[in-house]
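First up is the structure itself, then whatever we jot down about it.
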Amino acid sequence: MRESKGILLESGTNELEIVEFGIGKNKFGINVIKVKEIINPVPITIVPHAHPNVEGIIELRGEVLPVVNVADALGFPASENPKQDKFIVAEFNQQKVVFHVHSVTQIHRISWTQIEKPSDMYQGLEGQIIGVIKLNGDMILLLDFEKIVVEINPETGISIQQVKKLGKRSNSQTRLVVAEDSPLLRKLLHDTLTEAGFEYLEFFENGQDALDYLESIVESGKTLADEVHLVITDIEMPQMDGHHLTKRIKQHPELSKLPVIIFSSLITDSLRHKGQIVGADAQISKPEITALIKLIDEYSL
């Protein structure tokens with residue numbers, strides 16, 4: 001069966017819809033934007049020497065897609081009732097992946113302000129949770145699906161080797177503000193942008209913190225062009241997402257001149273209009289780091 005999705009038609013509202021699914025007794029969520037469809041399990045072809053978290057491959061409407069067992073990826077026990085299992089067909093980072101889960105329950109429309117950042121006490125750099133949602137007395141954990149996929153196939157992630165292929169670049173005086181909620185991706189972006197010659201980097205865990213910083217520059221009376229030349233933002237972030245951050249920047253009388261590049265796994269041909277509506281100057285899909293660097297050079301003030 002295909003999943004009938006009510007994807008938000010508006011852009012920049014700081015809201016999202018999540019599909020709630022279960023692994024064992026735990027409740028998890030995935031952004032509806034990532035979900036192409038939800039189907040009942042179909043026969044899987046086992047691939048020799050595949051990653052332990054990859055069950056095999058299936059053919060779906062002419063496409064051969066890998067099937068990732070989410071319970072295995074999280075270190076959870078196998079399904080107690082396999083007849084109720086579901087396959088979530090997802091697309092992000094310019095690829096399609098099937099996630100095998102134990103159940104799919106409902107869709108929730110929520111604000112990013114309802115999503116709490118995971119504590120370092122139980123999360124850390126290598127954690128697989130990007131947010132915690134308290135809803136109707138339950139906790140729904142938003143999984144970092146990009147990280148799950150990168151752990152299976154590191155070549156799908158941001159690579160410093162790609163930057164080195166650009167050759168030696170002079171140290172750039174461009175001052176960048178980067179909003180990215182993933183600790184791992186913040187480190188990767190820091191390392192790759194530093195390798196590319198960018199010395200002035202300010203990182204923030206979400207759009208709200210980035211906006212507060214930018215507004216504080218204006219309120220202090222400093223000349224904006226002396227402090228920041230370009231903003232790079234992810235889309236999926238607790239408190240304030242990248243679309244809403246972009247909208248707020250472009251509507252601000254002083255900040256509106258700042259170029260904004262959206263760097264996200266959610267940049268697809270069918271979703272690019274969302275960034276255009278809020279005024280993004282450019283949009284590039286992870287993990288295209290070399291393309292991002294070229295856009296920085298092109299758009300920075």
Side-chain angles (χ1 to χ4, degrees), residues 1-23 26-40 68 70 85-118 128-149 179-182 206-208 233-248 262-278 280 283 285-286:
M1 66 175 181
R2 291 206 177 201
E3 173 67 28
S4 176
K5 309 192 298 275
I7 293 179
L8 295 171
L9 298 178
E10 310 96 323
S11 188
T13 64
N14 207 38
E15 294 178 302
L16 78 158
E17 291 179 330
I18 62 165
V19 176
E20 179 188 326
F21 65 91
I23 300 293
N26 287 61
K27 297 181 178 182
F28 297 92
I30 180 173
N31 195 332
V32 165
I33 289 178
K34 289 189 171 99
V35 179
K36 303 297 290 184
E37 59 183 302
I38 298 168
I39 62 174
N40 292 318
V68 175
V70 178
D85 287 7
K86 297 292 182 183
F87 282 0
I88 298 177
V89 183
E91 182 177 17
F92 53 86
N93 279 1
Q94 301 178 331
Q95 60 186 330
K96 286 184 181 178
V97 181
V98 179
F99 293 103
H100 179 182
V101 302
H102 295 171
S103 64
V104 173
T105 52
Q106 57 188 313
I107 292 176
H108 303 283
R109 180 170 179 169
I110 60 174
S111 167
W112 281 103
T113 59
Q114 294 174 251
I115 302 175
E116 296 184 14
K117 172 183 172 290
Q128 293 171 311
I129 306 299
I130 61 173
V132 180
I133 307 164
K134 298 174 184 175
L135 201 61
N136 302 323
D138 292 320
M139 284 198 295
I140 301 174
L141 307 180
L142 280 183
L143 281 182
D144 189 343
F145 286 93
E146 288 88 342
K147 187 172 186 296
I148 290 173
V149 171
E180 169 61 62
D181 67 311
S182 166
N206 58 66
Q208 184 64 62
T233 181
D234 188 16
I235 292 177
E236 295 183 289
M237 295 181 291
Q239 301 305 308
M240 183 185 290
D241 70 12
H243 283 145
H244 191 65
L245 170 62
T246 304
K247 181 178 180 179
R248 293 285 294 274
I262 297 178
F263 184 53
S264 167
S265 63
L266 300 181
I267 303 302
T268 63
D269 290 340
S270 60
L271 295 173
R272 191 174 295 274
H273 70 282
K274 287 180 172 289
Q276 293 170 342
I277 289 172
V278 294
Q283 303 176 76
S285 175
K286 294 175 181 175

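Everything quoted here is computed from the prediction, not taken from an experiment.
- Under the side chain to side chain donor-acceptor pair (under 3.5 Å) criterion, Q208 pairs with D212, not counting sequence neighbours.
- By the ring pair (Phe, Tyr, Trp, His ring centres under 6.0 Å) test, F99 is found to be paired with F145, residues two or more places apart in sequence or in another chain being considered.
- Rounded to the nearest 0.5 Å, atoms CG (N40) and CG (D85) are 10.0 Å apart.
- When all heavy atoms of N93 and K286 are compared, the pair lying nearest together is OD1-O, 3.3 Å.
- Listed by first and then second residue, the salt bridge (Lys or Arg N to Asp or Glu O under 4.0 Å) pairs involving residues 88-100 are K36-E91, E63-K96 (not counting sequence neighbours).
- Put simply, the side chain of L16 reaches to within 4.5 Å of the side chain of I115, judged on heavy atoms.
- Note that the NZ atom of K34 and the CD1 atom of I18 stand 11.5 Å from one another [nearest 0.5 Å].
- Ion pairing between E15 and R109 holds under the 4.0 Å rule for side-chain N and carboxylate O.
- Residues that satisfy the side chain to side chain donor-acceptor pair (under 3.5 Å) test with D138, not counting sequence neighbours, are K27.
- In terms of modelled atom types and a separation under 3.5 Å, the side chain of N14 and the main chain of Q239 share a donor-acceptor contact.
- Note that CD1 of I262 is 11.0 Å distant from NZ of K274, once rounded to the nearest 0.5 Å.
- Here the side chains of K117 and N206 are not in contact, with every heavy-atom distance at 4.5 Å or above.
- Rounded to the nearest 0.5 angstrom, L143 CG and N31 CG are separated by 12.5 Å.
- Looking only at atom types and distance, the side chain of H108 has a donor-acceptor partner in the side chain of E20 under 3.5 Å away.
- Between E236 and S265, the shortest heavy-atom contact is OE1-OG, 4.5 Å.
- Not a single side chain to side chain donor-acceptor pair (under 3.5 Å) links S264 to another residue, sequence neighbours left out.
- Annotation: ring pair (Phe, Tyr, Trp, His ring centres under 6.0 Å) contacts of H100 (sequence neighbours excluded): F87.
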query: Please walk me through it: do V278 and R248 pass side-chain contact (heavy atoms from CB on, under 4.5 Å)?
result: CA-CA 9 Å; V278 294; R248 293 285 294 274; over 6 Å; no

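- With contacts defined as side-chain heavy-atom distances shorter than 4.5 Å, the pair V98/V68 does not qualify.
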In residues 240-247, what donor-acceptor pairs under 3.5 Å come from side-chain atoms, sequence neighbours left out?
| residue | atom | partner | partner atom | Å |
| --- | --- | --- | --- | --- |
| D241 | OD1 | H243 | N | 3.3 |
| D241 | OD1 | H244 | N | 2.8 |
| D241 | OD2 | W112 | NE1 | 3.1 |
| H244 | ND1 | G12 | O | 2.6 |
| T246 | OG1 | G242 | O | 2.7 |

task: For V101 and I23, run side-chain contact (heavy atoms from CB on, under 4.5 Å): C-alpha distance rounded to whole Å, both residues' side-chain angles, the deciding distance at 0.1 Å, then the answer.
output: CA-CA 6 Å; V101 302; I23 300 293; 3.9 Å; yes

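- For S111, the side chain to side chain donor-acceptor pair (under 3.5 Å) criterion is met by T113, not counting sequence neighbours.
- Not a single salt bridge (charged side-chain N to carboxylate O under 4.0 Å, His left out) links D181 to another residue, sequence neighbours left out.
- Proximity of T233 to F263: side-chain heavy atoms (C-beta onward) are nowhere separated by under 4.5 Å.
- The side-chain contact (heavy atoms from CB on, under 4.5 Å) check on L141 picks up F28, I129, V132, with sequence neighbours excluded.
- With sequence neighbours excluded, the residues satisfying side-chain contact (heavy atoms from CB on, under 4.5 Å) with S182 are D144, E180, L184, L185.
- The OG1 atom of T105 sits 11.5 Å away from atom NZ of K86, with the distance rounded to the nearest 0.5 Å.
- The CD atom of Q283 sits 4.5 Å away from atom CD1 of I267, with the distance rounded to the nearest 0.5 Å.
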